[in-house]
Amino acid sequence: MCGIVGIVGKDPVNQALYDSLTMLQHRGQDAAGIMTVHNNTLRLRKANGLVRDVFHTRHMHRLAGHVGIGHVRYPTAGSSSSAEAQPFYVNSPFGIALSHNGNLTNAAELHERLFDSARRHINTTSDSEILLNILAHELYQQNSLSLSADDVFATVSRVHRKIRGAYAVVAMIIGHGMLAFRDPWGIRPLVLGQRETAKGNEYIVASESVAIDGTGFKYIRDIEPGEAIYISEDGELFSRQCADNPQHCPCIFEYVYFARPDSFIDKISVYASRVNMGRKLGEKIKRDYAHLDIDVVIPIPETSCDIALEMANVLNLPYRQGFVKNRYIGRTFIMPGQTQRRKSVRRKLNAIGAEFRGKNVLLVDDSIVRGTTSEQIIEMAREAGAKKVYFASAAPEIRFPNVYGIDMPSANELIGHGREADEINALIKADGLIYQELDDLIAAVREENPSIQRFETSVFSGEYITGDIDQSYLDRLDAARNDIARSGDASSEDANLEMHNESDDD
């Protein structure tokens, strides 16, 4: 999962891009990048690390321009090398830069086609670079020195027909403007905002509304599945539906885990959806697990806090913050390498003994992926003095890999794959394990926007909505995602680029 942002302003946009990326930092901690256009010249800074570590004052001064895009990344099918950091750039036609959130499911086929038919070389293992070259090649087919909004939308329509999977994209076309578009299923989120200034309207697109709210823009709406937005350098906005048969099936895991609670995605409050999850799960426990002698409800911070609080209200039990989180440790779910994930758990959380000692506790988490973190947290609760430790997951059993941009590991790494709840309970060493029902999870999120008829739920159901996923694809994905392939140290890259490759010492 990644975070993207693009801004067309009347004044320099470097600070607003930086601020937006800090608000999207939860979507990726592996690398960050910003690219702007100034005097028809691209200026780029990208490297491995958090936003605050990648961009220093000297970099910000160089990122001049009133049009720019940004990206925060964590590794999916590619490596964690900084060569995979975005934005990416191609110089023909016009000069195009692109940032992408998602995953193309036909990337291998597209890679081969690009070389055979367009003689385009792909320099990384990233499907985002493939997507950029597909976009560039289709734009080249317009065969025009000028570029109208109609030309841009015709290009996006052809791109939609060629690529499959999940994608939210923001791109810059030098000398023309900014383009943003969303996959025809609406799997990955993308929102539009506007700010009125004395010089005219400024526009922003971003992965989540929180990146809009925090930069002084006003949220306008979500970009629709299959829709493209084109904003000229002068600030004129155009929009068009470019997909042949768009359907609205947003990824439900955005609401379970990834998005910030203060975001709205597809007109759904992430916070409200999590409260609803807590109510549904609390009602299930009250109905089916009344025999459990629970004394206190304790969340595993932070995503599950709102869920656990509502569960405590439904169960009429005390709610306590039993773990203190070290906010300077990254999210273990998106850390490359199993060894690094395991080492970070105890540095990330510390138990408050008084909240556990002599009590039967119900720990609440948003989900259980590999189970290693859950097992260690349960062990910490016992070491802190808990008599019994029950465990509740706000999401159902995760049984299948994700192919749409979430780095869910291969099936054999998922603790829920091929196992029932009692088997999982034994592996994580809990005294009881309760999962949310999939129907309840869907109802909890859909309650905030009943117009959405279907969600992308493949990690729970194994149903891949794009209809192009078979076992051979999953086997290839397994090979690409295994921890061994991603255990090497990534080298740092400083790509301050003004088309004459200005050097910079870190």
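The figures that follow rest on heavy atoms only: side chains count, while hydrogens, waters and symmetry mates do not.
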Assess whether side chain to side chain contact (heavy atoms under 4.5 Å, CB included) is satisfied between Phe153 and Phe238, documenting all intermediate values. CA-CA 9 Å; Phe153 293 139; Phe238 306 87; 3.7 Å; yes
Test Arg158 against Gln142 for side chain to side chain contact (heavy atoms under 4.5 Å, CB included), laying out the working first. CA-CA 11 Å; Arg158 293 196 300 273; Gln142 291 296 127; 2.9 Å; yes
Passes side chain to side chain contact (heavy atoms under 4.5 Å, CB included), Asn402 versus Ser458? Steps please. CA-CA 7 Å; Asn402 184 279; Ser458 57; 4.3 Å; yes
Before giving the answer on side chain to side chain contact (heavy atoms under 4.5 Å, CB included), spell out for Leu110 and Asn133 the whole-Å C-alpha distance, their side-chain angles and the decisive distance to 0.1 Å. CA-CA 10 Å; Leu110 293 170; Asn133 278 271; over 6 Å; no
Please walk me through it: do Arg260 and Glu302 pass salt bridge (charged side-chain N to carboxylate O under 4.0 Å, His left out)? CA-CA 10 Å; Arg260 271 181 43 159; Glu302 294 177 327; over 6 Å; no
Step-by-step salt bridge (charged side-chain N to carboxylate O under 4.0 Å, His left out) determination, Arg195 to Glu202: CA-CA 5 Å; Arg195 180 168 62 189; Glu202 299 179 317; 2.8 Å; yes
Using the rule given for salt bridge (charged side-chain N to carboxylate O under 4.0 Å, His left out), can you reason through Glu447 versus Lys280, listing the C-alpha separation, both sets of side-chain angles and the distance that settles it, and then say yes or no? CA-CA 12 Å; Glu447 185 175 330; Lys280 295 282 188 182; 5.2 Å; no
Give the C-alpha distance, both sets of side-chain angles, the deciding distance and a yes or no for salt bridge (charged side-chain N to carboxylate O under 4.0 Å, His left out) between Arg188 and Asp183. CA-CA 7 Å; Arg188 299 270 70 87; Asp183 68 73; over 6 Å; no
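Atom OG of Ser304 and atom CE of Met311 lie 9.5 Å apart (nearest 0.5 Å). In this structure, CD1 on Ile298 lies 6.0 Å from CD on Glu355, to the nearest 0.5 angstrom. Separation of atoms CG (Leu281) and CD1 (Ile307) is listed at 8.5 Å; rounding is to 0.5 Å. The line from CD1 of Ile300 to OG of Ser374 is 6.0 Å long, rounded to the nearest 0.5 Å. Between the CG atom of Asp127 and the CG atom of Leu104 there is a distance of 4.5 Å, given to the nearest 0.5 Å. The line from CD1 of Ile406 to CZ of Phe253 is 6.0 Å long, rounded to the nearest 0.5 Å.
Side-chain contact between Val170 and Val5: absent, with no pair of heavy atoms (C-beta onward) separated by less than 4.5 Å. Lys325 has its side chain within reach of Lys348: a pair of non-hydrogen atoms, C-beta onward, lies under 4.5 Å apart. For the pair Leu237 and Leu192, the minimum side-chain heavy-atom distance is below 4.5 Å. The side-chain heavy atoms of His59 and Asn14, taken from C-beta on, include no pair separated by under 4.5 Å. Side-chain contact between Val270 and Glu208 is absent, with no heavy-atom pair separated by less than 4.5 Å. No side-chain heavy atom of Gln321 sits less than 4.5 Å from a side-chain heavy atom of Ile352. Under the 4.5 Å side-chain criterion, counting only non-hydrogen atoms from C-beta, Leu131 is in contact with Ile163. Counting heavy atoms from C-beta on, the side chains of Tyr89 and Leu44 never come closer than 4.5 Å.
None of Val51, Ile204, Ile7 except one satisfies the side chain to side chain contact (heavy atoms under 4.5 Å, CB included) rule with Leu17; the exception is Ile7. Among Arg240, Arg221, Arg182, the single residue meeting the side chain to side chain donor-acceptor pair (under 3.5 Å) criterion with Glu227 is Arg221. If you run side chain to side chain contact (heavy atoms under 4.5 Å, CB included) between Phe455 and each of Leu438, Ile187, Ile442, Asp266, only Ile442 comes through.
Panel note: side chain Asn101, backbone Cys2; a donor-acceptor pair is recorded below 3.5 Å. A donor-acceptor distance shorter than 3.5 angstrom exists from the side chain of Gln241 to the backbone of Pro225, with no hydrogens or angles considered. Of the possible donor and acceptor atoms, none in the side chain of Ser209 sits under 3.5 Å from a partner among the backbone N and O of Ser263. Formation of a donor-acceptor pair under 3.5 Å by the Asn313 side chain with backbone atoms of Tyr319 is not found in this model. Gln436 places no side-chain N or O within 3.5 Å of a backbone atom of Leu441 that could act as its donor or acceptor partner. Here the side chain of Glu236 pairs no donor or acceptor atom with the backbone of Glu233 at under 3.5 angstrom. Between the His160 side chain and the Asp244 main chain, no donor and acceptor come within less than 3.5 Å of each other. Between the side chain of Thr36 and the main chain of Ala64, a donor-acceptor pair closer than 3.5 Å is present. Here the side chain of Asp19 pairs no donor or acceptor atom with the backbone of Thr215 at under 3.5 angstrom. Proximity of a side-chain donor or acceptor of Glu129 to a complementary backbone N or O of Phe88 within less than 3.5 Å is not detected.
For the residue pair Ser148/Asp151, the side-chain donor-acceptor check at 3.5 Å is satisfied.
Of all the heavy atoms in Asn201 and Lys10, the pair that sits closest is O-CE, 3.6 Å. Heavy atoms only, all atoms of each residue included: Ile212 and Ala206 are closest at CG1-CB, 4.5 Å. Taking each heavy atom of Gly33 and Leu21 in turn, the nearest pair found is O-CD1, 3.6 Å. Between Gly68 and Met172, the shortest heavy-atom distance links the atoms CA-SD, 3.5 Å. When every heavy atom of Val8 is checked against every heavy atom of Ser232, the shortest pair comes out as CG1-O, 3.6 Å. When every heavy atom of Val256 is checked against every heavy atom of Ala395, the shortest pair comes out as CG1-CB, 4.0 Å.
Within 6.0 Å of CZ on Phe94 lie more than 12 heavy atoms contributed by other residues, nucleotides or ligands.
Under a 4.0 Å N-O distance rule, the pair Arg27/Glu254 qualifies as a salt bridge.
No close placement of the Tyr257 and His26 rings is indicated, their centers lying 6.0 Å or farther apart.
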